[in-house]
Amino acid sequence: MDQQFETLDTYITLAKKIISKFAPTFYANLRNELLSNEDAISDIASAIMIGDWRWDANRLGFNGKSKTRYSYRNQCGIWAIKTYLSNKYKK
């Protein structure tokens, strides 16, 4: 299997972009909250890394189509944001 990985800086940049784009869909100040929290950024970057590790271009979804690496990274980032919120409200 030919897997390609990015540098740590790239994953952190991707995490910040995903936070900036998707966090406001949950609530207004979540973007600022996440971007000011290094642990949250690193958790989301880790989720994207794991997504790259698990992504398979040949895997088909229920609709018979495959996901692009870009869309799978975004999905992993959204899941990480949801996990952050779940853990935040459990405390």
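Hydrogens, waters and symmetry mates play no part in the numbers below; they use all other heavy atoms, side chains included. What you see is a predicted model; the values in this text were computed from it and never measured.
The two residues Arg54 and Cys76 come nearest to each other via the heavy atoms NH2-SG, 4.3 Å.
Side-chain contact between Phe26 and Ile78: present, with at least one pair of heavy atoms (C-beta onward) separated by less than 4.5 Å.
Shown here are the side-chain hydrogen bond (donor to acceptor under 3.5 Å, both in side chains) partners of Thr13, two or more places apart in sequence or in another chain: there are none. Under the side-chain contact (heavy atoms from CB on, under 4.5 Å) criterion, Asp43 pairs with no residue, sequence neighbours left out. Residues that satisfy the side-chain contact (heavy atoms from CB on, under 4.5 Å) test with Thr7, not counting sequence neighbours, are Asp9, Thr10. Take Thr68 and apply the side-chain hydrogen bond (donor to acceptor under 3.5 Å, both in side chains) test, not counting sequence neighbours, and it matches Ser71.
Under the salt bridge (Lys or Arg N to Asp or Glu O under 4.0 Å) criterion, the residue pairs touching residues 72-84 are Glu6-Arg73, Asp52-Arg73, with sequence neighbours excluded. For residues 14-24, no residue pair satisfies the salt bridge (Lys or Arg N to Asp or Glu O under 4.0 Å) rule, not counting sequence neighbours.
Between the CD1 atom of Ile44 and the CG atom of Leu14 there is a distance of 11.5 Å, given to the nearest 0.5 Å. Going from atom OH of Tyr11 over to atom CD1 of Ile18 covers 11.0 Å, rounded to the nearest 0.5 Å.
Follow the hydrophobic side-chain contacts under 4.5 Å out from Trp53 and you reach Ile48 in the same cluster. Linking ILVMFWY side-chain heavy atoms closer than 4.5 Å, directly or via other members, places Tyr70 and Ile81 in two distinct hydrophobic clusters.
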Using a 3.5 Å cut-off and no angle test, enumerate the donor-acceptor pairs between side-chain atoms of residues 33-41 and protein atoms at least two apart in sequence or in another chain.
unit_1 : atom_1 : unit_2 : atom_2 : d
Glu33  : OE1    : Tyr27  : OH     : 2.8
Glu33  : OE1    : Lys88  : NZ     : 3.1
Glu33  : OE2    : Tyr84  : OH     : 2.7
Glu33  : OE2    : Lys88  : NZ     : 3.0
Ser36  : OG     : Asn32  : O      : 3.0
Ser36  : OG     : Glu33  : O      : 3.1
Asn37  : OD1    : Asp39  : N      : 3.0
Asn37  : OD1    : Ala40  : N      : 3.1

